[in-house]
Structure formats: C-alpha cells, structure tokens
Amino acid sequence: MRLSQFHLATVKEVPADAEVASHRLMLRAGMLRKLAAGIYTWTPLGLRVLRKVETVVREEMNRAGAIEMLMPSIQPRELWEETQRWEKFGGQLLKLKDRREQEYCYGPTHEEVITDFARQELKSYKQLPINFYQIQTKFRDEIRPRFGVMRAREFMMKDAYSFHLTPESLAATYGVMYGAYGRIFDRLGLRFRAVQADTGAIGGNASHEFQVLAESGEDAIAWSDGSDYAANVELAEALAPRVERPEPAAELQRVDTPARKTMDEVSTFLSVSPDQCVKTILVRGEQGLVALCVRGDHEINEVKAAKLEELPGASVLADEAEILKATGTRPGFIGPVGLPDEIPVIVDRSAAALADFVCGGNAVDTHYTGANWNRDARITRIADLRKVVDGDPSPDGEGTLHIARGIEVGHVFQLGGRYAEAMNATVLDENGKARAMLMGCYGIGVSRIVAAAIEQNHDDRGIVWPEPMAPWTVAICVIGSRNGTQAQDAAQALYDELTGHGLEVLLDDRGLRPGPMFADMELIGIPHRIVVSERGLEAGTFEYRHRRDTENRALTRAELMERLLGA
RNA sequence: CGGGGUAUAGCUCAGCCUGGUAGAGCGUUGCGUUUGGGACGCAAAAGUCGGGGGUUCGAAUCCCUCUACCCCGACCA
C-alpha cells in the first residue's frame, strides 16, 4: 500500500476522558472514531487489524472442525420467550419494534437462533456432533460502556455452538475448542491464561474463560504458584482454615462504638485486628431475609452467595427500613448475636473458625466483643461465602493463590441440555427415540482482542503490534524524496520485491519530513521499518529498525532480505 | 436507576464565577523558506457558543427545560 493512496488519520490530541492506553492509542492512531456511547466506527487502518484477528480465529475454527455460517443480528421476541430470556436477560437486551409493533431484539448472543436452526436442520444422531460458528456484530446495552472497544456496546464476536447426543461427545468437542482457543491466542502473540469460570447468565456446566493478562483488566483471576490451577475469583474456592476453632475464653461484652460503622472504623476504634471481627450483611431473597457473615478482612463473593440454597433466585441487599424492622438497628451495627430465629445465619468458613470475636451489637452505636459461635450466636450453616485473597491456599492443595488482572477475550461453556430442552430441539437416536441435544457454546471477543493486544504491547511512542496483528508488516520510509528520484526509485524497487515475496508493505510516499513520518509509523506500530535515503544509497545500505529496537542498523540489501524473509 | 460534571472553530480546550457582540494550540488552504525525529515566516478560511424557553437595554456567560456525552455509585454495613 502506498500511504499517499490510503486514509491514515493519526491525531495528536485525544479527549481527556480516554483513560486506558488502548483506548487512547486506538484514537491517536486513527483506528477508531466514536459515533455514540460504546459505538465506534472502525477506520480503514483499524479494520485491517480487526481482519487480522478474524483471520486467525477463522483459520483455527475451521481447523478445529467448526463450520462457518451467518445468522441475523435482529431476532424475534418469540424465540426469546421460549427460553424465558426475553425477561431474564435484563437491561443489556436492546429491544426494538418494527412498524407493525412486532418486537425484536438486537442479538447479544445467538443460542436461541442457532437452536431454532438446529431443530429444523438436525433430525438424526448421525448428523452429530456438529459445530457451527459465525463472526458477527453483537449489541449489549452495557450499563457503563467504557475504555473504547474494550467494553463497547456494539462489538465483534465469534460465537460457535456445538450439538451432541452424549455428554462424552460434548466433552470431546469442548476439549477441541479449548485447544483451538489456546492456539488462537498463542498465534496472536498474547500472554493469557485459561481459567475456570462461573457460567453466569448463559448457564451450563463446565466453563473456562480465556483471560489476557493486563493491569487494566476488569476481571480478577486467582492462580496458584504451585500448580496450573487458575480460576476467576468469582469461582475460586476459599478453603476452611486448617486450625480448629479455639474454645471461648472471653466474656460477651457490649461496647459503645459511636458512629463507627465500617470495619475499618470499628477495628481502629477498638484496637482489634479486622481478622478478629465478623461482619454481617442482610440480604433479601425470595424466602425472606438471610444473614451472611464473613471475617472483617474478607469480602462476600456474590456469585457464591447466589448459589446458597437459602437464596434461590434473585436477591438484593436489604434496605435500611427492612433492617431496622428485623434487627432494631441500622447498617453498620448488625451482628449474628441475638438475630431473630427466622433469619438463617450463613457463616463463611474462616469466620466460623473465630472465637472471642467482635461483631455488630444489633443496636445503634454498639458492638459486641468476646462473642463466640454456638454460645452467643447461632450458625445455621457454614459455607464458602468469601472472595479468595492473595496468600490463600490453592483449592487443589498445591501452592498459594495470587490475584492477577485480566481481560476476558474468550469463554467456552458446556451448556448441556438447557436450550435444546426449552426449545424442543431433538434428534432421533439409534432406537428411533427423540432426544434433546446437548450443546456447547464458545465465544471470542474479536474487537476486544484488538484492545487487549494493545494493553499488552505498547510503549510511550505508540502501539507495538505482535506481527500477526499488524496492519502491515514492513514500513518503507523515503527521505529526501523532493531532491530527486533516486531514493524514490530505490524505495519503489524494494517495495515491489518485498510485496512480491508476499509481505504486506506500507510505502510512506507522502513526502513528509522525517519526524512526523517516523512518529506515525511508530504510533501505528508497524513491526519493521526501513528508511531509504540518498545517504544510505551512497553507502550501499538501507537503514533497518524493529519497532522494539532503539537503534538503527545499516543493512545491505541481502542482509535486509534475509532478515525480513528468513534464510 | 441515583449523584456529579461537560457541551464554544475540523480536533483538543480556554472564556462563564463578576453579562457588553468570539479566543488559543493543533489541523486546513495559499505563498515563500526549510528537508534525518512531530520546521519557520506571511496571509487566509473556518463557530445558529448542543436545542428550546425565560430574565435583561444587552446572554457563550444568569434561570428553567430538553437532548447528548463523560465520571462515580448502584451487594461489603
């Protein structure tokens, strides 16, 4: 590509509210233009990168035996009623009406559409297993879109759906997809981890997330330094402490703690370490209020809490009025001692191992000290309720957990029978009996990968693309082109030769001064840069510099070819 | 959904508190100089100050309202 014939749209300034590196750099490099909140135009430059990612994904999906297709982005309400997700999916579902008042949504995912397709197309177990995929624009009406395409509302996604007669077949395809995902992120040159994950709104059994490691990531992942265990913190199990609960040694005592509501305030005021305190929160589930207790230095894990049998369905934090009515106190002073009998008290494993602890006094401005389970406070049940923290033992018994941040770029699920059953998608088995199919689903955030790659690969001059994602592999910069055609001719010849070898080359023939030209090439992150100048030509060399280098090196044409084309 | 903020030239922003007829940098156009790390000079084009309403002799500026965008929170007591 001759740059004079392209639309390169780099800019010097970027809005003050572009916070993360990838967002700023994508705007500066002119890959993106914002159209509305969470909705972006991909410029010609941005699209080249997006296509690179798509290509790798497509090749690996095909290699793994998945079959590409394309489903509509607009989906009828009726289909979503069949799985009850028209209501359950929540505010992220963008709903639309046509001129006849028929209702639709813009697809945030395609389980319903593919299952509908499958129930019409697949009739026999002999057609199974089969795995369909598409690469397509999706829309989720995020509460707070941010960080550019990292958390956009409209985004590009690859989604695949497999169909099976048996759990063994599903597990086999799941394994194949898991392997394909690893290859995709390896090929793209990303540092990532596959972690055990919660299945969330989509539902199902086994599930892994593929997380690109980055400080700016919105997800927290727990990994063990003694094994290959890794899990989303939502899922990571917090083991019970190895020590037995000590015998009570202190008297239960009510103490005044005026206006000390938070754990920090209480522990400072009473000079007691937070790990000798119990904090209690009240949540309202479908069956009434439930008290959840964790140690003062721990936090409740909402995903784990939602799985408690005492809290079926949706639950929310109790409001002040409810708390006052049930306990006679306000938030900040709730404790397990003397709670009404009808409120179940679910205690985290670590909190349950405490003796002589501090907890809320169930009266405004008071706490208890010297409280003990059983003697002073009921335990309905002990459960794993808290988020794991750095330094916890690994759930597999090997090593210690650490917390890292990641950007979720892929997610694989074994969905099981849920959707096929709800939508009556069956095939006949060997005995001629109709059986609901089992499903797997496998997503990759194609546009998010572009942002994630930049988070991992940039410096103060701009983007440093992993080669497979770069918009071009080689940039040729011409210096002194106004003074004559010698350098221009040499650059053109070099361009022709490299292009002839199948390289994607960008020839900067804009005739700019060197400063702006180099700055642009570095900003947009082209891996290899060659400078063609009169000076070099006289010496019989070209000037070469890799994007990661800080020094130029003078190479002969042969040396240059060897470097770029391999031996 | 709650709270806060912003909206002024193509872009990034100042001006608003204290009302008096519109500014800067970058970019763009023309001419000249310059040509190895975001050059310089001269000249120029470019804004219904987000929309609507009000107060006032006079509104970018004060008030009301609508819209869009951004930030924080919305389960840690």
Side-chain angles (χ1 to χ4, degrees), chain A residues 9-19 23-24 27-28 30 33-39 90-91 143-148 153 234 257 259-267 274 277-285 290-306 311 314-320 322-324 327 329-336 348 351 359-362 364-365 367 385-387 461-462 477-484 487 508 510-523 529 531-536 543 545 550 552 554:
Chain A
T10 55
V11 292
K12 285 184 183 164
E13 287 173 300
V14 121
D17 51 47
E19 295 178 81
H23 188 197
R24 271 200 306 273
L27 291 173
R28 277 228 289 143
R33 294 276 121 101
K34 185 168 84 171
L35 182 64
I39 301 177
I143 299 175
R144 261 187 70 192
R146 58 179 138 179
F147 304 154
R153 294 196 293 172
E234 291 173 344
T257 49
R260 272 44 174 212
K261 296 173 69 167
T262 68
M263 204 63 247
D264 266 1
E265 289 164 355
V266 171
S267 81
C277 302
V278 166
K279 78 180 162 191
T280 306
I281 72 164
L282 280 180
V283 296
R284 174 167 31 87
V290 175
L292 304 176
C293 296
V294 295
R295 225 166 65 184
D297 58 329
H298 289 150
E299 291 190 356
I300 285 183
N301 179 323
E302 294 148 33
V303 171
K304 291 177 181 174
L311 287 173
S315 63
V316 293
L317 203 61
D319 61 36
E320 288 221 14
E322 282 175 300
I323 291 171
L324 193 60
T327 69
T329 189
R330 277 204 258 279
F333 305 102
I334 306 168
D348 179 67
C359 64
N362 287 329
V364 173
D365 292 347
H367 279 76
L385 275 186
R386 69 174 175 94
K387 284 185 188 163
R461 290 174 302 173
C477 299
V478 190
I479 283 184
S481 56
R482 294 251 180 97
N483 288 342
D508 193 343
R510 294 176 298 175
L512 295 187
R513 302 163 68 87
M517 183 162 55
F518 295 157
D520 272 350
M521 293 306 107
E522 284 160 357
L523 177 59
R529 185 183 79 194
V531 178
V532 181
S533 65
E534 304 283 341
R535 202 162 80 186
E543 194 175 297
R545 185 150 154 184
T550 51
N552 296 325

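Proteins get letters first, then strands, A, B, ... in listed order; numbering begins at 1 in each. What you are looking at is a predicted structure, and each value in this text was computed from that prediction instead of being measured.
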What nucleotide among [options] has an atom nearest to a side-chain atom of [X]?
| X | options | result |
| --- | --- | --- |
| Asp520(A) | G38(B), G36(B), A77(B) | G38(B) |
| Arg146(A) | U34(B), C26(B), C71(B) | C71(B) |
| Lys12(A) | G27(B), G37(B), G36(B) | G27(B) |
| Ile143(A) | A39(B), A74(B), G36(B) | A74(B) |
| Ile281(A) | C75(B), G36(B), G37(B) | C75(B) |
| Pro514(A) | G38(B), G37(B), A74(B) | G37(B) |
| Ala37(A) | C26(B), C70(B), G36(B) | C70(B) |

Rounded to the nearest 0.5 Å, how far apart are [atom1] of [X] and [atom2] of [Y]?
| X | Y | atom1 | atom2 | value |
| --- | --- | --- | --- | --- |
| Arg24(A) | Asp17(A) | CZ | CG | 11.0 Å |
| Asp520(A) | Thr10(A) | CG | OG1 | 3.5 Å |
| Leu292(A) | Asn301(A) | CG | CG | 11.0 Å |

Rounded interatomic separation in angstrom, taking [atom1] from [X] and [atom2] from [N]:
| X | N | atom1 | atom2 | answer |
| --- | --- | --- | --- | --- |
| Asp297(A) | A77(B) | CG | P | 13 Å |
| Arg545(A) | G37(B) | CZ | P | 12 Å |
| His298(A) | A77(B) | NE2 | P | 15 Å |
| Met517(A) | U34(B) | CE | P | 19 Å |
| Arg513(A) | G38(B) | CZ | C1' | 9 Å |
| Arg284(A) | A74(B) | CZ | P | 17 Å |

Check every strand shown and say whether [X] touches a base, only sugar-phosphate, or nothing at a heavy-atom separation below 4.0 Å.
| X | result |
| --- | --- |
| Lys279(A) | base |
| Arg529(A) | base |
| Arg386(A) | nothing |
| Glu265(A) | nothing |
| Leu292(A) | nothing |
| Arg535(A) | base |

Inset, instruction - Between Arg28(A) and Val283(A), just flag the one whose closest nucleotide in RNA chain B comes earlier from the 5' side. - result: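 Nearest nucleotide further toward 5': that of Arg28(A).
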Legend entry - Contact nearer the 5' end of RNA chain B, comparing Lys261(A) with Glu522(A):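 In this pair, the answer is Glu522(A).
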Inset, instruction - For the pair Thr327(A) and Phe333(A), evaluate side-chain contact (heavy atoms from CB on, under 4.5 Å) and give the outcome as yes or no after the intermediate values. - result: CA-CA 10 Å; Thr327(A) 69; Phe333(A) 305 102; over 6 Å; no
Legend entry - Exam field: side chain Asp508(A) to backbone Arg510(A), donor-acceptor pair closer than 3.5 Å: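 Yes; judged by distance alone, with no hydrogens or angles, the pair exists.
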Inset, instruction - Spell out, as yes or no, whether a donor-acceptor pair under 3.5 Å connects the side chain of Arg153(A) to the backbone of Ala37(A). - result: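 It does hold such a pair.
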Legend entry - Thr329(A)/Ile334(A) under side-chain contact (heavy atoms from CB on, under 4.5 Å): CA gap, chis, key distance, verdict: CA-CA 7 Å; Thr329(A) 189; Ile334(A) 306 168; 4.2 Å; yes
Can you check nucleotides 5-13 of chain B for protein contacts, nitrogen or oxygen pairs under 3.5 Å, and list what you find?
residue	atom	partner	partner atom	Å
C13(B)	OP1	Ala16(A)	N	2.9

Legend entry - Pair Glu19(A) + Arg146(A): basic N to acidic O under 4.0 Å: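 Salt bridge absent between Glu19(A) and Arg146(A).
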